[in-house]
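Worksheet: one structure, shown below.
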Amino acid sequence: MHFLGGGITWLQPLRVSLSLGSRLGRVAAGSLCRFSDAFLTCVFLSVRGLAPAALKLDLEQKLFGQHLATEVILKALTGFKNNKNPKKPLTLSLHGWAGTGKNFVSQIVAENLHPKGLKSNFVHLFVSTLHFPHEQKIKLYQEQLQKWIRGNVSACASSVFIFDEMDKLHPGIIDAIKPFLDYYEQVDGVSYCKAIFIFLSNAGGDLITKTALDFWRAGRKREDIQLKDLEPVLSVGVFNNKHSGLWRSGLIDRNLIDYFVPFLPLEYKHVKMCVRAEMRARGAAVDEDIVTRVAEEMTFFPKDEKIYSDKGCKTVQSRLDFH
Ligand SMILES: Nc1ncnc2c1ncn2[C@@H]1O[C@H](COP(=O)(O)OP(=O)(O)OP(=O)(O)O)[C@@H](O)[C@H]1O
């Protein structure tokens with residue numbers, strides 16, 4: 001992933017991106033155009049598009065217990081990438097408890113769009129507490145954010161921007177990018193229609209858990225939870241939550257968020273699946289005794305029923321180191 005550095009230095013890559021423009025199309029003698037590698041890579045990726053079958057396989061095999069997120073993300077990305085002439089950028093808002101797979105899915109999406117995935121120059125990560133820590137600098141952050149996004153979309157139209165920790169973002173910062181997410185063909189000569197914006201947030205996790213718990217208590221299957229049971233509750237809940245990063249946000253009341261994607265809290269069996277996946281990723285044989293021991297070290301809620309892991313699969317990797 002293309003991380004931004006802290007403070008003033010994080011404008012540095014923007015200058016690189018903006019200056020890219022002058023390197024893109026130098027007309028040489030005989031009208032031969034010379035393009036930068038980055039530009040050619042971007043064009044190649046845009047033409048190549050998305051392989052929906054590969055994304056589907058990745059999500060189905062790697063992401064556990066998230067039937068709604070799998071369905072929505074697949075539908076959203078496939079539809080968006082198949083559309084030769086989108087009217088606005090794709091915006092996804094991912095919500096759920098810690099460790100339920102929001103960053104993990106962003107990584108899978110990034111890899112399916114840009115082969116270098118999180119390390120690609122066209123995938124940009126903003127982390128609220130790292131990049132926008134000071135409340136008194138909101139105006140500055142808004143300007144920097146606009147410049148950063150404008151610069152990078154000018155260099156590659158199909159750039160991906162991921163905003164992590166939205167619930168820790170000072171209210172209002174995100175509205176600075178509202179014009180880029182709207183139905184405009186161009187803003188100041190730049191088209192944002194092929195870009196993808198992904199917002200990650202713990203906000204709404206309580207609402208999602210409540211719905212999951214209601215289903216469980218009513219003896220209904222987790223897989224029976226449908227998007228319509230959650231999406232409206234989420235958008236209203238996030239809009240009214242002062243600590244969601246989207247509090248009273250123009251992005252919501254102008255309907256600029258295309259999909260609210262709920263991540264369900266993970267159960268004991270999903271934690272075990274995460275332990276097995278991690279063992280395989282380390283090239284080790286799956287040892288069911290260790291799988292059970294790691295899963296049993298996790299803590300589960302609510303207090304009485306103990307159904308959902310309170311950290312999802314988040315500490316699985318570090319716990320496995322002790323076994
Ligand atoms: N649903 C899942 N399926 C498979 N693996 C998962 C899932 N959820 C989490 N993991 C594993 O746990 C790790 C941590 O999860 P991740 O960082 O995606 O959580 P998150 O939802 O973004 O949490 P936070 O809100 O705290 O940032 C992932 O890298 C992945 O290995």
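Order of appearance sets the numbers: ligands from 1, and atoms from 1 within every ligand. Note that this is a predicted model, so its numbers are computed, not measured.
Salt-bridge check for Arg222 with Glu267: passed, with a basic side-chain N closer than 4.0 Å to an acidic carboxylate O. Under a 4.0 Å N-O distance rule, the pair Lys210/Asp214 qualifies as a salt bridge.
For atom 1 (N) of ligand 1, the nearest protein heavy atom (residue, atom name, distance) is Phe64 O, 2.9 Å. Ranking the protein heavy atoms by distance from atom 18 (O) of ligand 1 puts Phe104 N, 2.9 Å first. Atom 27 (O) of ligand 1 has as its closest protein heavy atom Asn103 ND2, 3.2 Å. In terms of protein heavy-atom proximity, atom 31 (O) of ligand 1 is nearest to Gln317 NE2, 3.7 Å. Ranking the protein heavy atoms by distance from atom 13 (C) of ligand 1 puts Cys313 O, 4.3 Å first. The protein heavy atom nearest to atom 21 (O) of ligand 1 is Lys102 NZ, 2.7 Å.
Numbered from 1 in the order shown, with element, the atoms of ligand 1 that lie under 4.0 Å from a heavy atom of Ala98 read 23 (O), 24 (P), 25 (O), 26 (O). Within ligand 1, counting atoms from 1 as listed, the ones closer than 4.0 Å to a heavy atom of Leu63 are 1 (N), 2 (C), 3 (N). Which parts of ligand 1 touch Lys314 is read off a 4.0 Å heavy-atom cut-off, strictly below it: atoms 23 (O), 24 (P), 26 (O), 27 (O). In the vicinity of Asn202, heavy-atom distances shorter than 4.0 Å reach the ligand 1 atoms 25 (O). Every atom of ligand 1 is numbered from 1 in the order shown, and the set under 4.0 Å from a heavy atom of Lys62 is 3 (N), 4 (C).
Of the candidates Gly99, Gly312, Gly96, the one placing a heavy atom closest to atom 9 (C) of ligand 1 is Gly99.
Under 4.0 Å from ligand 1, not a single heavy atom of Leu200 appears. Counting heavy atoms under 4.0 Å from ligand 1, residue Cys274 touches it through the side chain alone.
No side-chain N or O of Ser159 forms a donor-acceptor pair with one of Asn152 less than 3.5 Å apart. Thr299 and Asp310 share a side-chain donor-acceptor pair at under 3.5 Å. Checking Gln226 against His67 by side-chain atom types alone, no donor-acceptor pair falls below 3.5 Å.
Within a 6.0 Å sphere centred on CD of Gln136, heavy atoms belonging to other residues, nucleotides or ligands number more than 12. No more than 12 heavy-atom neighbours from other residues, nucleotides or ligands sit within 6.0 angstrom of NZ on Lys56. By the 6.0 Å contact criterion, CD on Glu288 is enclosed, its count of non-hydrogen atoms from other residues, nucleotides or ligands being greater than 12.
Looking at Gly101 next to ligand 1, an N or O pair under 3.5 Å apart turns up. Considering backbone and side-chain N/O of Gln66, none are found under 3.5 Å from N/O of ligand 1.
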Val316 and Val271: CA distance, side-chain angles, deciding distance, side chain to side chain contact (heavy atoms under 4.5 Å, CB included) verdict:
CA-CA 8 Å; Val316 159; Val271 173; 4.1 Å; yes
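Ring geometry for Phe126 versus Phe163: interplanar angle under 30°, hence parallel rather than tilted (30 to 60°).
Using a non-hydrogen distance threshold of 4.0 Å, Gln107 does not register as a contact of ligand 1.
Residue Tyr192 is tested with Phe180, Phe161, Tyr183, Phe197 for a ring pair (Phe, Tyr, Trp, His ring centres under 6.0 Å); the sole match is Phe180.
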